[in-house]
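Everything on this sheet refers to the single structure shown next.
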Amino acid sequence: MTKAKLSRRQVLATTAATAAALAMPYVRGAHAAGKVTVGFWDHWVPGANDTMTKICQQWADKNKIEVQIDYITSQGQKNLLTAAAEMQARSGHDILALPTWQPNDKAAALEPVDDIMGELIKQNGDVNDTVKYLGRKEGHWIAVPATTGSQFKGPCSRIDLLKKHAGIDVQAMYPAGAEPKADGWDMETFVTAAEKCAAAGNPFGIGLGVTSDSVDGVGAFFSSFGANLVDEKGDLHAKSDNVRQVMEYMKRLGSVLPKDAAAWDDASNNKFLVSGQGAMILNPPSAWAVAKRDVPAIAEQCWTHGMPKGPAGRYGPYLPYFWGIWEFGSNKTAAKDLLVHLSAPDNVGKLVAASGGYDLPSFAKLTKFDTWAEEAPPKGTLFHYPDPYLQQIKSIAGAPAPANIAFQIYNQALQTKMVVRYLQGEKLESVLSWAESELEGYSRT
């Protein structure tokens, strides 16, 4: 059944009629009434779901449409299981929230959304290349980038510890309300600061484990050195000079990270910051929010800011969430209209505020909401979280490889495993040969 759908879509994509239809602007048509069902991600921030429900209900009242909302937890991967079950049964919600890699995985069953994405980009500005990489397939948009759940995992630094141990004033480097003054914030400055903080007993808390936070952080370092293990065409580059360069850098950095960094999970860096030990972690504002609740004195010393610049640029780990519309949905017209409504600047601003600044819209014009400037303590601590001056390249580990290969690089934590093997004493050429063998296996599946 899936193959038939793919074949039909590929054939249709070659016709002039379809090309013309996809080029047409989106026309609001939700007034056909009826019902639309939605499966949203169940937010961890208290009250965020209530704000989402209110925004949807306002749209429903205006358009005389019934909206049924289910909030689906990501704990135990229930959201992924729901997506797989609905795709297999060809029945379920009209709209479903889909984590980072899911749109490409479920593309055969998703309704193309070129029409509404064209309008949203005109309204809200362009989206970054990572969103395009994950939200498009075969030249078409297959999902709309969601505000809720999208996050950037840049540095959250202790103002006092970086200043005391490394002589770095992160507030001066990334001043609240103003452009960064970060020309000198490069990889050498970063690793030198890590060495000084570690020597003083407050190391950087960067994981080298196999879960998302570790994979995202290490992946950004690889990207910053231009160390792509696989290129867009699927060609392997595990033994390139750029990969050797980043491996040497990560060996130096890894040697001053916590001794158990290879065993860290996604809770470890949060705990490390809140404990007062860490001078820096790579994380969205969730760790700061926990410190604000549990240890305010530590939260008062936290400052979120940009990544260091590498030879290939200033890359940072970005994980977008998406909203997909099933092609077998019963009310696709209303579903599209609701997603346009949720992506309106005023509503995006409400969602950002409801999350305390955690949620991150993907559109270039939606990076300067008051929430990020006003959140405290200290005031302005989140101002640079959304990269308001667009000075960072949003990246995801595994890119730019074809998505089926990149997902395996990401899911198998290949890059962190490479770093750990090298740190544990394995010869570099042996590590690179092992990685190349793994990549060859990914390419065959």
Side-chain angles (χ1 to χ4, degrees), residues 18-31 36 38-41 51-52 55-56 58-60 62-63 65 67 93-100 102-104 106-107 110-152 318-327 329 331-355 359-369 371-372 386-388 390 394:
T18 300
L22 290 172
M24 291 176 64
Y26 172 66
V27 179
R28 295 176 64 90
H31 301 279
V36 62
V38 188
F40 286 131
W41 171 57
T51 298
M52 175 65 83
I55 293 171
C56 291
Q58 290 171 342
W59 171 86
K62 177 181 179 181
N63 292 286
I65 294 177
V67 176
H93 300 89
D94 294 301
I95 300 170
L96 192 64
L98 298 170
T100 308
Q102 286 295 297
N104 256 270
K106 304 293 187 290
L110 291 173
E111 180 75 7
V113 288
D114 301 85
D115 47 359
I116 58 176
M117 279 304 296
E119 294 303 306
L120 291 178
I121 288 171
K122 287 180 183 178
Q123 171 184 273
N124 298 334
D126 203 1
V127 294
N128 61 67
D129 287 344
T130 292
V131 169
K132 295 174 183 176
Y133 172 73
L134 295 164
R136 290 171 58 90
K137 191 160 188 176
E138 297 177 358
H140 300 301
W141 282 103
I142 51 177
V144 174
T147 300
T148 49
S150 295
Q151 57 183 273
F152 185 76
Y318 182 66
L319 267 71
Y321 237 88
F322 294 89
W323 292 314
I325 299 172
W326 292 123
E327 58 91 13
N331 202 343
K332 292 182 283 189
T333 299
K336 287 186 176 184
D337 199 76
L338 176 54
L339 293 187
V340 170
H341 177 73
L342 290 174
S343 303
D346 286 349
N347 291 327
V348 171
K350 293 174 184 176
L351 294 171
V352 169
S355 73
D359 291 332
L360 198 61
S362 298
F363 298 95
K365 295 181 182 179
L366 304 181
T367 61
K368 294 184 179 180
F369 291 115
T371 298
W372 294 307
D387 188 25
L390 305 178
K394 313 304 186 297

Checking [X] side chain against [Y] main chain: does a donor-acceptor pair fall under 3.5 Å?
| X | Y | result |
| --- | --- | --- |
| Asn104 | Leu134 | yes |
| Asp94 | Ile325 | no |
| Lys137 | Ile142 | no |
| Asp114 | Trp141 | yes |
| Asn63 | Ile65 | no |
| Thr147 | Leu360 | no |
| Asn347 | His341 | yes |
| Thr367 | Pro386 | no |

Lys/Arg N to Asp/Glu carboxylate O, Asp126 vs Lys365, below 4.0 Å: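 A salt bridge is absent here (no side-chain N lies under 4.0 Å from a carboxylate O).
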
Cationic N near anionic O, under 4.0 Å, Lys336 to Asp115: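 A salt bridge is present here (some side-chain N lies under 4.0 Å from a carboxylate O).
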
Taking side chain to side chain contact (heavy atoms under 4.5 Å, CB included) as the test, write out the residues that go with Ser355, two or more places apart.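 Only His43, Tyr358, Asp359 meet the side chain to side chain contact (heavy atoms under 4.5 Å, CB included) criterion with Ser355.
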
Where [X] and [Y] come nearest, the two heavy atoms and their spacing:
| X | Y | value |
| --- | --- | --- |
| Ala334 | Val36 | CB-CB, 4.5 Å |
| Ala143 | Phe322 | CB-CB, 3.7 Å |
| Tyr321 | Pro99 | OH-CG, 3.5 Å |
| Ala60 | Val67 | CB-CG2, 3.5 Å |
| Trp372 | Pro361 | CH2-CD, 3.8 Å |

Quick check: do Phe40 and Met52 have side-chain heavy atoms less than 4.5 Å from each other?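 In short, these two side chains touch, coming nearer than 4.5 Å.
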
Side chains of Ser362 and Tyr318: do they bring a donor and an acceptor to under 3.5 Å?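 Their side chains do contain a donor-acceptor pair, which is all the 3.5 Å distance test asks for.
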
State which residues pass salt bridge (charged side-chain N to carboxylate O under 4.0 Å, His left out) with Lys350; sequence neighbours excluded, sorted by chain then number. none

Decide side-chain contact (heavy atoms from CB on, under 4.5 Å) for Val38 and Cys56; before the verdict, give the C-alpha distance in whole Å, the side-chain angles of both, and the deciding distance to 0.1 Å. CA-CA 10 Å; Val38 188; Cys56 291; 5.9 Å; no

